[in-house]
Amino acid sequence: MKEKIQEILKEALQALMHEGAIPAHDIGSLGLSVPANREFGDFASNAAMVLASRAKRKPRDIAAVIKERLETLTDVFERIDIAGPGFINLVVSPGMWVSVLGEVLQAGSAFGTSSFGAGLKVQVEFVSANPTGPLHVGHGRGAAVGDTLARILKAAGYDVQSEYYINDVGNQMNMLGLSVLSRYRELHGAETPFPENGYKGSYIGDIAGALKDARGSELLDMDEAEAVAACRHYAANAILEGIREDLELFNVRFHNWFSESALYEDDKVEEMLAYLKSIDLSYEENDALWFRTTRFGDEKDRVLRKQDGSLTYFAPDIAYHKDKLDRGFGKVIDIWGADHHGYVPRMRAAIEGLGAPKEAFHALLIQLVSLVRNGQPVQMSTRSGEFVTLREIIDEVGKDVCRYFFMMRKSDAQLVFDLDLAKKKSDENPVYYIQYAHARICSILRNAREQGLSPDAPDCDLSRLGSGDDLEMIKSLASYPDVVVSCAADLEPHRIAYYVLELATAFHRFYNRNRVISDDRGLTLARLTLISAEKQVLANALDLMGISAPESM
RNA sequence: GCGCCCAUAGCUCAGUUGGAUAGAGCGUUUGACUACGAAUCAAAAGGUCGCAGGUUCGAGUCCUGCUGGGCGCACCA
């Protein structure tokens, strides 16, 4: 709805500026807001005040000109008021609001989608955990946020691809191989020291056991390097398979899995280094190869190839992002743990160095998740292998609750995950509160059907919904498309979690104060239409978060 | 030492490009089921938006300084 009003306002302002009736100004900066106070109408514009300060005219005079034009231009407004210092307050006509219900039911699961993104190719890369162990809670938050953001961007009209980057090269993978080999030898009774910084989790033993089942004692006869490689390969596959299963359970499915090792196999890293050299963005110094990232705002140049000849982690990362750009993505969104924030300027510099505008790259930082049980923090430490896995949390509280809880905070704010609250099936738990609203509507619709009532009936009179609680509920669901766009524009998917909670609140309030099915047939049919639309929007919003909308619970 | 993020009700947190009287949940107090699901609703109380300046018609929001917390400052990954 807001978008429609914005269009109308824009049209009026453009015409007036063209005629010289009001000073010319960038229309994009003239805001339309939803006033906090209902007395100020459905929408309010500050256009007159902004223009007045430019033109040295009285805001209220300019507002009067705009008001007049809007009145001749359209009849969607029931009332236009000039208030306070020069706000133009707009009250949308009930008929206009009611017509939204038809749009919702017509569009169905597509209600809320828009062409805001104009088909721009966007990639969202998230989770991207090393295949050295199962996903833990922190990865879960990244998965929930990333997947929800991808869904939101798609709904907002972007051409979205989600991707998981598999860091299957490097020391940590070698350590994985060594750790598994050590456990494998133990299983064969061979004395073997466990690597100092090895992975100590019990899953390593499980993998070694599976490897023993699959290949017997074969690896004992190999030379060290060969055996480690075999272990590494086997373990990485097994762990990655587990990660895929966990994500599947979490309702997260990637369009693409991109392997770091493929970068090397396809010579992408060397190609990138040659490219940087060709455009003079790299240089040799102290027997190392450097990237001139300072040219793009980084605080110091960064090493690509170390003195010992090996590459830094930065090098394949640049090659990976070059590959992303080469694949035609106009916007590349990386979702990282907040502890990597120091890495952002350097990556952004690299993107610029590769010739893309710096706005093409966005890093969304995900803050820590801490678990609380019985009011006490749950201790976690990756190093010792004592961490709570995503799988354990899903098994304990369920996928839906888990996904919602991870969306409850701005991604760059720390999140306290209260396991006791998560398991409560009461109004304290927002997930049940929201799903209950959906189930309740389904229940009413079932009752109505049994009584032979259908909102499609010809004597359904939607004009009965133009006031009071009915109108309030329509307004709450009509803002859904605006919320989706706002989430997409600002890359803040958590807003959808707050919105859907408000939507549920609007329904529960309505339900407690009004009868849907009553003796008044016309009103009953209209309200059945109303709650059908409400149900649709609840389901659509929940779907953006990958959360189910149960028919009963 | 340098840089980034955060500071809003007793608690956990929203607050969209700067807008009018700063919101929600929990907790506290008091009410509502012989009609569609009480896993629900209504009402009350609760604030110097960390502190001090500045920008302007207007600041929780932008700028500067300070205080207090988190994180990062590798030829680690």
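Note on naming: letters A, B, ... go to the chains in the order of the sequence lines (proteins, then strands), and numbering restarts at 1 for each one. Keep in mind the model is a prediction, meaning the values are calculated, not measured.
- Going from atom CG of A:L289 over to atom CG of A:L276 covers 8.0 Å, rounded to the nearest 0.5 Å.
- A sub-4.0 Å separation between OP1 or OP2 of B:A42 and a side-chain N or O of A:R509 is present.
- Judged by distance alone with a 3.5 Å cut-off, no donor-acceptor contact links the side chain of A:D339 to the base of B:G72.
- Nucleotide B:U64: paired with B:A52 (Watson-Crick or G-U wobble, both distances less than 3.5 Å).
- Between A:N447 and B:G37, a side-chain N or O to OP1/OP2 separation shorter than 4.0 Å is present.
- B:C71 sits 32 Å from B:G47 when the P atoms are compared, rounded to a whole Å.
- When only modelled atom types and interatomic distance are considered, A:D400 and A:Q435 share a side-chain donor-acceptor pair under 3.5 Å.
- In B:C33 the base sits syn relative to the sugar, since the glycosidic angle is no further than 90° from 0.
- Between A:R346 and B:C73 there is no side-chain polar atom (N or O) within less than 4.0 angstrom of OP1 or OP2.
- For B:A74, neither phosphate oxygen OP1 nor OP2 lies less than 4.0 angstrom from any side-chain nitrogen or oxygen of A:K306.
- Judged by atom type and distance alone, A:N89 reaches the base of B:A20 through a side-chain donor-acceptor pair under 3.5 Å.
- For the pair A:E299 and A:A83, nearest-nucleotide mapping onto RNA chain B gives the more 5' position to A:A83.
- Residue A:L503 forms a side-chain contact (heavy atoms from CB on, under 4.5 Å) with just one option from A:V537, A:V483, A:L542, and that option is A:V537.
- Between B:C75 and A:K300, a contact under 4.0 Å exists linking OP1 or OP2 to a side-chain N or O.
- For the OP1/OP2 pair of B:G15 and a distance below 4.0 Å, the side-chain nitrogens and oxygens of A:H494 include at least one atom meeting the criterion.
- Of the listed residues (A:R495, A:E492, A:K2), just one forms a side-chain hydrogen bond (donor to acceptor under 3.5 Å, both in side chains) with A:S486, and that residue is A:R495.
- Aromatic stacking is marked for A:F40 over B:A20, as both cut-offs hold: 5.5 Å for the centres and 30° for the planes.
- Distance noted for atom C1' between B:C6 and B:G68: 11 Å (whole Å).
- Nearest-nucleotide positions on RNA chain B for A:S486 and A:S518 put A:S486 closer to the 5' end.
- Using the Watson-Crick or G-U wobble rule with both distances under 3.5 Å, B:A38 pairs with nothing in any strand shown.
- Residue A:Y511 places at least one side-chain N or O closer than 4.0 Å to OP1 or OP2 of B:A38.
- Under 4.0 angstrom from either OP1 or OP2 of B:C41 there lies at least one side-chain N or O belonging to A:Y433.
- Side chains of A:D317 and A:Y343: a donor on one and an acceptor on the other come within 3.5 Å.
- Contacts of A:Y313 with the nucleic acid, taken as non-hydrogen atoms under 4.0 Å apart, include base atoms.
- In the interface, the side chain of A:H508 is not paired with the base of B:C41 through any donor and acceptor atom under 3.5 Å apart.
- Across all strands shown, A:N514 has heavy atoms under 4.0 Å from base atoms, whether or not it also approaches the sugar-phosphate.
- Using Watson-Crick or G-U wobble geometry with both donor-acceptor distances under 3.5 Å, B:G1 finds its partner in B:C73.
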